[in-house]
Colleague: 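The structure under discussion is supplied below as structure tokens; questions concerning it will follow.
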Amino acid sequence: YAVAGSLDVLMQLQGQPATLTGIQQAVIKLSDLQASIGDLRPALNGTLNYAAGRVNGEKLKIDLGGQLLILDLEATKLLSTLPFVQLSISSDKLNLDSLFPPPKEPSPPAVAVEAAKNTTGKAVVGAPNPNQYEPLILPVEGRVRVQVSQLLYRGLLLEKVQGEALLQAGRFSLDGLTAQLAGGAANLTAEAELAQARIPLRGQLRLDGIDLRVLSDAMLPAAQGSISGSLVADSTFSGQGQAENFLDSLTVSGNFDLKDGEIKGSPLLGEISLFLTNPELELLGFSRFYGNYGLKGKQGTIDAKLESRRAFFVPKGSFSLDGPLNLSLETRISPEMMAKSGVGGKGLELLKDDKGWSLLPLKVTGSYRKPHLFLDSAGLKQQLKKGVAEELGRQLQKQLGGADTEGDPGKSMQKLLDGTLNKLFGN
């Protein structure tokens, strides 16, 4: 750890000074006390006071390469088998990007796991055994309060960051970690059962009024500028902290509501624009994109709606984070967009709603980067049947409208209509 710095200690001793019980009082002054922790070398300055199994220190200063943390500390029950520590950490500005730059190479644990794999399927000496996990029993309990005025992470500025965490009775809980970011606010709560094998964890995350362009540009720089809008989202999650692969153990469900945004560069929009031979659909502004989603491991589901002046989309089905898509995509294209497309013919007249929007029941397979788009035959048949029914209804209404009104003309029209549709489409 390459410890450096100085300590000034003043103690009042009684009885056996070699034990903590022999120390009646103590004052410890820390002057530029340094130690190497990974790539960090924090320096601690301040004064600690000890009396009757209790330590406290106010306004301790931790220098992290020019970034200053203020620490208030109180530790009680030091003479017991389970001390309790309370920390209050505050900072005006904290840049996590400079403290923890992204690794350029895979971390040692990931390399170790890869090295432990054996293509023969036989056990490898030293490889982790996913069936042997033990509870995490810590010899301390405590509470931590954090307050940071400005925090920078991956280029994203978070303001008024504050929260409280409690470690007690084998449970870790994070109570309302809040922050203002990207024009909105975030609130995270979580808890983990450290005293149970595999460490079950669960929590909730709420995003309110987040500018999605700012958030996605920071978190997904490769997709910079691909989506925007004001996001409100609620998610619940659960998993296992000691899982061999945390993502495989993760279950997430929630809802989202994205308003007044834009999508561009999406492979799916690219396929739709090719399908309709209309390049204008590669960039889609929308008034609202909302729905529900679920994720278990790498497998997910979605049931959503996107509303735009150019098109309406209703994606529904399943997807994989690293594999296939299986979505139905009910699509409505505005008359303006259809007029600019290379798709036409009298058949499409039967695939319109009462406002003249073209209705296209589509299916999406393939993957996110290479989606495959085609007409859903079952949905197409249903929509054509509906379109034919409406057109035949209009024609029959004209004929029956001038006929004798005795009996029920509506029933007569429905009978003729049903017979015609059965001949076209079957039962």
Side-chain angles (χ1 to χ4, degrees), residues 182-184 207 209-233 254-293 300-319 321 325-344 348 351-376 379-380 383:
L207 303 177
I210 298 293
D211 185 338
L212 189 56
R213 181 189 296 274
V214 175
L215 183 62
S216 64
D217 286 357
M219 297 294 104
L220 302 169
Q224 193 166 21
S226 61
I227 189 167
S228 65
S230 178
L231 175 66
V232 174
N255 59 76
F256 64 92
D257 195 343
L258 185 61
K259 294 182 179 179
D260 301 323
E262 182 181 87
I263 300 175
K264 66 178 180 180
S266 163
L268 182 55
L269 284 182
E271 277 295 300
I272 293 174
S273 68
L274 286 174
F275 186 82
L276 296 175
T277 61
N278 185 345
E280 291 187 27
L281 288 172
E282 292 185 16
L283 174 63
L284 184 65
F286 58 87
S287 58
R288 193 179 180 198
F289 182 26
Y290 61 100
N292 303 306
Y293 73 94
T301 60
I302 187 170
D303 185 355
K305 293 182 180 180
L306 186 147
E307 301 172 352
S308 163
R309 64 179 180 83
R310 291 182 170 185
F312 278 43
F313 297 107
V314 183
K316 185 176 183 179
S318 62
F319 62 89
L321 295 181
L325 300 173
N326 184 17
L327 302 174
S328 64
L329 187 66
E330 180 183 319
T331 303
R332 295 173 182 248
I333 306 297
S334 71
E336 175 190 1
M337 287 294 100
M338 284 302 295
K340 296 179 180 180
S341 74
V343 179
L348 286 181
L351 297 175
K352 289 186 176 182
D353 62 14
D354 55 0
K355 295 181 180 179
W357 286 55
S358 297
L359 309 178
L360 301 174
L362 302 175
K363 291 282 287 184
V364 184
T365 58
S367 65
Y368 170 78
R369 295 189 179 278
K370 293 184 178 181
H372 177 56
L373 196 67
F374 57 93
L375 284 169
D376 180 0
L380 182 63
Q383 190 57 51

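Quantities reported herein were computed from a predicted structural model and do not represent experimental measurements.
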Colleague: Quick one: pull up CH2 in Trp357 and CE in Met337 and give me the separation to the nearest 0.5 Å.
Modeller: 9.5 Å
Colleague: Roughly how far, to the nearest 0.5 Å, is CG of Asp211 from OG of Ser230?
Modeller: 7.5 Å
Colleague: Please report the closest heavy-atom contact between Asp303 and Lys316, naming both atoms and the distance.
Modeller: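 Nearest pair, atom of Asp303 first, then Lys316: OD2-CE, 3.7 Å.
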Colleague: What is the distance from atom CG of Leu306 to atom OG1 of Thr331, rounded to the nearest 0.5 Å?
Modeller: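 Between Leu306 CG and Thr331 OG1, I get 10.0 Å after rounding to 0.5 Å.
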Colleague: Rounded at 0.5 Å granularity, tell me how far CD1 in Ile302 sits from CZ in Phe319.
Modeller: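 Ile302 CD1 to Phe319 CZ: 6.5 Å, rounded to 0.5 Å.
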Colleague: Looking at residues at least two apart in the chain, or sitting in another chain, which of them share a side chain to side chain contact (heavy atoms under 4.5 Å, CB included) with Asp257?
Modeller: Lys259, Arg288, Tyr290
Colleague: Kindly say whether Gly285 contributes a backbone atom to a donor-acceptor pair with the side chain of Ser308 at under 3.5 angstrom?
Modeller: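 Flag set: sc Ser308 to bb Gly285 pair under 3.5 Å.
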Colleague: Would you say Leu359 and Glu330 make side-chain contact, with heavy atoms under 4.5 Å?
Modeller: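 No, side chains not in contact.
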Colleague: Could you tell me which non-hydrogen atom of Ser334 sits nearest to which non-hydrogen atom of Arg309, and how far apart they are?
Modeller: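 Scanning both residues, the minimum pair turns out to be CB-O, 3.6 Å.
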Colleague: Would a line drawn from the ring center of Phe256 to the ring center of Phe289 be shorter than 6.0 Å?
Modeller: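 Between Phe289 and Phe256, which both carry aromatic rings, the centre distance is below 6.0 Å.
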Colleague: Work out which heavy atom in Ser273 is nearest to a heavy atom in Leu281; give both atom names and the distance.
Modeller: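 In this case the closest contact between Ser273 and Leu281 is CB-CB, 4.1 Å.
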Colleague: Does the pair Leu362 and Asp376 meet the rule for a side chain to side chain contact (heavy atoms under 4.5 Å, CB included), with working shown?
Modeller: CA-CA 5 Å; Leu362 302 175; Asp376 180 0; 6.0 Å; no
Colleague: Nearest heavy-atom pair of Asn255 and Tyr293: which atoms, and what distance?
Modeller: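 Closest heavy-atom pair between Asn255 and Tyr293: N-CE2, 4.0 Å.
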Colleague: Check whether any side-chain heavy atom of Glu262 lies under 4.5 Å from a side-chain heavy atom of Arg213, and answer yes or no.
Modeller: yes
Colleague: Hey, what do you get for OG (Ser328) to NZ (Lys363), rounding to the nearest 0.5 Å?
Modeller: 6.0 Å
Colleague: Atom NZ in Lys340, atom CG in Leu276: separation rounded to 0.5 Å?
Modeller: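 If we round to the nearest 0.5 Å, Lys340:NZ and Leu276:CG are 13.5 Å apart.
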Colleague: How about Leu329 and Ile272: do any of their side-chain heavy atoms sit closer than 4.5 Å?
Modeller: yes
Colleague: Can you tell if the side chain of Arg310 reaches within under 4.5 Å of the side chain of Glu280, non-hydrogen atoms only?
Modeller: yes
Colleague: Which heavy atom in Gly356 sits nearest to a heavy atom in Pro335, and how many Å separate them?
Modeller: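 Looking at all heavy atoms of both residues, the closest pair is O-CG, 3.4 Å.
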Colleague: Could you check if a side-chain atom of Leu325 sits within less than 4.5 angstrom of a side-chain atom of Thr365, using non-hydrogen atoms only?
Modeller: no
Colleague: Which heavy atom of Gly270 sits nearest a heavy atom of Glu282, and at what distance?
Modeller: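 So the two residues come closest at CA-CG, 4.3 Å.
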